[in-house]
Protein chains: 2
Amino acid sequence: MRKLLQKAGLRLTLPRRLVMKTLEEMRAPMTAQEIYHHISQVDLASVYRTLHLFCRLGLVYKESHGEETRFYVAYSPHHHITCRECGQTECVPCNHILKTIKGFSDIEHQFILTGLCQKCHH
Amino acid sequence: MRKLLQKAGLRLTLPRRLVMKTLEEMRAPMTAQEIYHHISQVDLASVYRTLHLFCRLGLVYKESHGEETRFYVAYSPHHHITCRECGQTECVPCNHILKTIKGFSDIEHQFILTGLCQKCHH
DNA sequence: GTCTTATTGCGAACAATTTGCAATAATGCT
DNA sequence: AGCATTATTGCAAATTGTTCGCAATAAGAC
């Protein structure tokens, strides 16, 4: 990570280290605000700036879970399924569903699943 | 549509007719604001209220394309692929990819694809 | 046509995210 | 190590997208 930043003339700062540390520790998709509350020592604006940077560098991925935008570090290609009731999220491994779709290149995809987990299914 | 509304004690009003007409004519995912600009005779708040209602009734679907939330009328189950450069959107038919995922019920999914169309791929 | 009440338009309120700018701190150089 | 350069931060203000309260309006039933 330090290398990657420095190659682009960027600096490895405390906020950047803390945001990455948080995402790696939690190993779950988090909103910018959640990350901010977890750190409580870095300004919210900086959390947003850091997340944008990380996404641009491909260090972090961003997706929408219902209403909110969540960010996460991808250890391996996978998708998430979220309980619409309690928000609990699990990973669903992805087996290279897509190779090419005619007429488009450089494809990115988000496969977002929501449902009710056993606890919430009444 | 009139039937469906009346069964629930709801009325078929001008805003509702216009929002649905717009979505049906455009046959593409649109943001609330786009719909609002296309109509220009209905208040933005009413467009939002109408879209929420339609989603609740299952007449309209909602998904996130990158930063924005878009709504569309589903003529048949399908997904969308959007060019990240120019925003052009096409439909990708869906062949019931998911039946059940262990531990979750009542599953809903969004398969969001973005890429570069031929015009934008340089 | 009249009555009832669901619905609208308007403006204000919110929440999430972004931006401007002076102060701060990471890196490169000596 | 100390200093200079400039990327980055924190703070506050601004923006954007969406929602809400409420009096005025208009669908639908009789």
Side-chain angles (χ1 to χ4, degrees), chain A residues 1-23 29-57 59-72 82 84 87 112, chain B residues 1-23 29-57 59-72 82 87 110 112:
Chain A
M1 170 171 166
R2 168 165 233 123
K3 282 265 175 76
L4 195 73
L5 286 171
Q6 297 197 329
K7 198 184 301 180
L10 303 173
R11 296 173 184 177
L12 183 49
T13 63
L14 184 64
R16 287 175 186 168
R17 224 171 307 162
L18 292 177
V19 167
M20 182 54 81
K21 182 156 166 282
T22 301
L23 281 172
M30 301 176 76
T31 62
Q33 318 253 347
E34 281 169 353
I35 297 171
Y36 167 67
H37 290 311
H38 188 266
I39 296 181
S40 76
Q41 155 183 191
V42 170
D43 189 75
L44 180 56
S46 299
V47 172
Y48 276 110
R49 282 187 284 233
T50 299
L51 288 170
H52 288 170
L53 175 66
F54 286 173
C55 282
R56 194 149 52 73
L57 296 176
L59 292 172
V60 154
Y61 297 84
K62 172 185 178 181
E63 61 181 37
S64 7
H65 289 240
E67 296 304 293
E68 20 177 56
T69 300
R70 288 171 171 275
F71 299 84
Y72 64 96
T82 304
R84 282 194 295 278
I112 300 172
Chain B
M1 172 170 167
R2 168 165 234 124
K3 282 265 176 77
L4 195 72
L5 287 171
Q6 297 198 329
K7 197 183 304 182
L10 303 173
R11 295 173 183 175
L12 181 49
T13 63
L14 184 63
R16 287 176 185 164
R17 225 171 306 160
L18 291 176
V19 167
M20 182 52 83
K21 182 156 167 283
T22 302
L23 282 172
M30 301 176 76
T31 62
Q33 317 253 347
E34 281 169 353
I35 297 170
Y36 167 66
H37 289 312
H38 188 266
I39 296 181
S40 75
Q41 153 184 195
V42 170
D43 189 75
L44 181 55
S46 299
V47 171
Y48 276 110
R49 283 186 285 231
T50 298
L51 288 169
H52 289 171
L53 174 66
F54 285 174
C55 282
R56 194 147 54 72
L57 296 177
L59 292 172
V60 154
Y61 297 84
K62 171 185 178 182
E63 61 180 37
S64 7
H65 289 241
E67 296 305 291
E68 21 177 54
T69 301
R70 288 172 171 273
F71 300 84
Y72 64 96
T82 303
Q110 283 183 34
I112 300 173

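A note on names: the letters A, B, ... follow the listed sequences, proteins ahead of strands, and every chain is numbered from 1.
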When the distance from [atom1] of [X] to [atom2] of [N] is rounded to whole Å, what number comes out?
X        : N       : atom1 : atom2 : result
Phe54(B) : dT7(C)  : CZ    : P     : 11 Å
Leu57(A) : dA7(D)  : CG    : P     : 16 Å
Asp43(B) : dA24(D) : CG    : P     : 17 Å
Leu5(B)  : dA27(D) : CG    : P     : 13 Å
Phe71(B) : dT18(D) : CZ    : C1'   : 10 Å
Arg11(B) : dA29(D) : CZ    : C1'   : 9 Å
Ile39(B) : dT8(C)  : CD1   : C1'   : 13 Å
Leu51(A) : dT9(D)  : CG    : P     : 11 Å

Inset, instruction - To the nearest 0.5 angstrom, please state how far the CG atom of Leu12(B) sits from the CD atom of Gln6(B). - result: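 So the CG of Leu12(B) and the CD of Gln6(B) are separated by 7.5 Å.
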Taking C-beta and beyond as the side chain, do [X] and [Y] meet within less than 4.5 Å on heavy atoms?
X        : Y        : result
Leu23(A) : Leu51(A) : yes
Leu57(B) : Leu5(B)  : yes
Val47(B) : Gln33(B) : no
Leu53(A) : Arg56(A) : yes

Side chain of [X] - closest among [options]:
X        : options                  : value
Ser46(B) : dA27(D), dT9(D), dG9(C)  : dG9(C)
Leu12(B) : dG28(D), dC11(D), dG9(C) : dG28(D)
Gln33(B) : dG17(D), dC10(C), dA6(C) : dG17(D)
Ala45(A) : dT19(C), dA6(C), dG17(D) : dT19(C)

Inset, instruction - Could you say whether Val47(B) or Gly9(B) is positioned toward the 5' end of DNA chain C, judged by the nucleotide with the nearest heavy atom to each? - result: Gly9(B)
Legend entry - N or O in side chain of Thr13(B) less than 4.0 angstrom from dA26(D) OP1/OP2: no
Inset, instruction - Look at the side-chain N and O atoms of His52(B) and state whether any lies under 4.0 Å from the OP1 or OP2 oxygen of dT18(D). - result: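 Answer no for this pair, as no side-chain N or O of His52(B) is under 4.0 Å from OP1 or OP2.
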Inset, instruction - Look at the side chain of Arg49(B) and the base of dT7(C), then say whether one donor and one acceptor between them are separated by less than 3.5 Å. - result: no
Inset, instruction - Determine whether any donor atom in the side chain of Arg16(B) lies under 3.5 Å from an acceptor atom in the base of dT7(C), or the reverse, and answer yes or no. - result: no
Inset, instruction - Identify whether any heavy atom of Leu10(A) sits under 4.0 Å from a base atom; if not, whether one sits that close to sugar-phosphate; answer base, sugar-phosphate or nothing. - result: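 Since only primed, P, OP1 and OP2 atoms lie under 4.0 Å of Leu10(A), the category is sugar-phosphate.
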